[in-house]
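Written out below as structure tokens is the structure these notes cover.
Nothing here was measured: the structure is a model prediction, and the numbers come from that model.
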Amino acid sequence: GTLVLPSPYNVTLNPLTDVCFTDGAASNLGNVTCFGGNNGSATITMNPIPSNLNATYSVDGGASTPVTLTAGGTFDVSGLTVGPHSISVVNNTTGSCPTTPVLVPVTISGPTSQPTNTTTQTACDTYTWSVTGLSYTTSGTYTGTSTDGNGCTVNETLELTINNSTSSTQTITACDSYTWAANGTTYTSS
């Protein structure tokens, strides 16, 4: 058959469609500095680079955060703790892009336990520990905290042995001179 259309008529060939990301990857991982900290970070790159750079993301199912991707399709996530995370990114384009989240796995490294330090010390009568600034006069195990070069808290333990000094008195009677064995000095007067 033949189709006759009135002239002029509009025909759209290869209509423009939105470019939507379907995949993502993490890079530039920033490790957590101190045990229990949340200063980890990552750069997330979405592929292909979407035509609309607006998106939303959430970390581990948390609140959605709006973000504008760079021209290269990237954005940064901060505030991450040590361990694995799932970054959920959604195209923020009305139209042809799916609203199904793209999951990007991220694993942040860092200390998994509080750093500790043990000092063993023997002193005579008293010992002042620089960690606490306190003076101790009895043997025992003492604890405190310090800060390392990264600003992280270190649990400190002091294992202290106090040796108490002793004294004694000797009464000696000698003729003309006496050499004392304790110090090797010869005395000629009382």
Side-chain angles (χ1 to χ4, degrees), residues 24-45 56-68 70 74-89 103-190:
S27 62
N28 299 328
L29 303 178
N31 296 335
V32 171
T33 307
C34 300
F35 173 71
N38 64 345
N39 64 328
S41 61
T43 297
I44 308 298
T45 303
T56 58
Y57 76 93
S58 65
V59 178
D60 300 327
S64 290
T65 303
V67 66
T68 301
T70 67
T74 68
F75 68 98
D76 293 324
V77 177
S78 59
L80 301 175
T81 57
V82 171
H85 298 280
S86 179
I87 311 299
S88 174
V89 188
L103 299 179
V104 181
V106 175
T107 300
I108 300 297
S109 298
T112 56
S113 64
Q114 188 76 34
T116 61
N117 183 48
T118 300
T119 302
T120 302
Q121 186 69 42
T122 301
C124 185
D125 295 326
T126 186
Y127 178 75
T128 301
W129 193 23
S130 62
V131 170
T132 60
L134 299 174
S135 293
Y136 302 96
T137 58
T138 57
S139 297
T141 300
Y142 302 95
T143 59
T145 59
S146 66
T147 303
D148 67 12
N150 292 324
C152 303
T153 299
V154 178
N155 290 332
E156 298 279 356
T157 301
L158 172 64
E159 295 176 353
L160 179 62
T161 301
I162 294 290
N163 293 323
N164 292 315
S165 59
T166 59
S167 62
S168 64
T169 302
Q170 291 179 315
T171 303
I172 302 293
T173 302
C175 187
D176 295 329
S177 68
Y178 175 74
T179 302
W180 190 23
N183 65 6
T185 302
T186 300
Y187 299 94
T188 57
S189 59
S190 296

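Distance OG1/T166 to CG/N163: 10.5 Å, rounded to 0.5 Å. Taking OG of S58 as the reference point, atom CD1 of I87 lies at 8.0 Å (rounded to 0.5 Å). Taking CD1 from I108 and CG from N39, the interatomic distance works out to 9.5 Å, rounded to the nearest 0.5 Å. Separating the OG1 atom in T33 from the CG atom in N38 is a distance of 10.0 Å, to the nearest 0.5 Å. To the nearest 0.5 Å, atom CD of residue E159 and atom OG1 of residue T120 are 4.5 Å apart. Taking OG1 of T138 as the reference point, atom CG of L160 lies at 7.5 Å (rounded to 0.5 Å).
Looking at every heavy atom in both residues, P105 comes nearest to A26 through O-CB, 3.9 Å. When every heavy atom of N164 is checked against every heavy atom of D125, the shortest pair comes out as CA-OD1, 3.4 Å. Residues T188 and S177 share a closest heavy-atom pair of CG2-CB, 4.0 Å. Between P111 and C34 the shortest heavy-atom distance is CG-C, 3.6 Å. Heavy atoms only, all atoms of each residue included: L103 and S88 are closest at CD2-CB, 3.7 Å.
Looking at L158 and Y127, their side chains come closer than 4.5 Å, going by heavy atoms from C-beta outward. Counting only heavy atoms from C-beta outward, the side chains of T145 and V154 never approach each other to under 4.5 Å. At a threshold of 4.5 Å between non-hydrogen side-chain atoms, the residues V77 and T65 do not count as touching. At a threshold of 4.5 Å between non-hydrogen side-chain atoms, the residues F75 and V89 count as touching.
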Item to check | Audit row: E156, W129, side-chain contact (heavy atoms from CB on, under 4.5 Å) steps and yes/no | outcome: CA-CA 11 Å; E156 298 279 356; W129 193 23; 3.8 Å; yes
Checklist entry - Would T157 and T141 count as a side-chain contact (heavy atoms from CB on, under 4.5 Å) if you check the C-alpha gap in whole Å, the side-chain angles of each, and the deciding distance to 0.1 Å? => result CA-CA 7 Å; T157 301; T141 300; 3.6 Å; yes
Checklist entry - Going through the distances and angles, do T128 and S135 end up as a side-chain hydrogen bond (donor to acceptor under 3.5 Å, both in side chains)? => result CA-CA 4 Å; T128 301; S135 293; 2.6 Å; yes
Checklist entry - When you look at I44 and V106, which way does the side-chain contact (heavy atoms from CB on, under 4.5 Å) test go after all the steps? => result CA-CA 9 Å; I44 308 298; V106 175; 3.9 Å; yes
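At least one donor-acceptor pair closer than 3.5 Å links the side chain of S139 to the backbone N or O of I162. When atom types are taken as modelled, the side chain of N150 and the backbone of C152 share no donor-acceptor pair closer than 3.5 angstrom. Using a distance-only test at 3.5 Å, with no hydrogens or angles considered, a donor-acceptor pair links the side chain of Q114 to the main chain of T153. In this structure, the side chain of N28 does not engage the main chain of A42 through any donor-acceptor pair within 3.5 Å.
For CG of N183, the number of neighbouring non-hydrogen atoms (other residues, nucleotides, ligands) closer than 6.0 Å is greater than 12.
With 3.5 Å as the limit, one finds a donor-acceptor pair spanning the side chains of D76 and T43. There is a side-chain donor-acceptor pair under 3.5 Å between W180 and Q170.
Looking at residues two or more places apart in sequence or on another chain, you find a side chain to side chain contact (heavy atoms under 4.5 Å, CB included) between T70 and T74.
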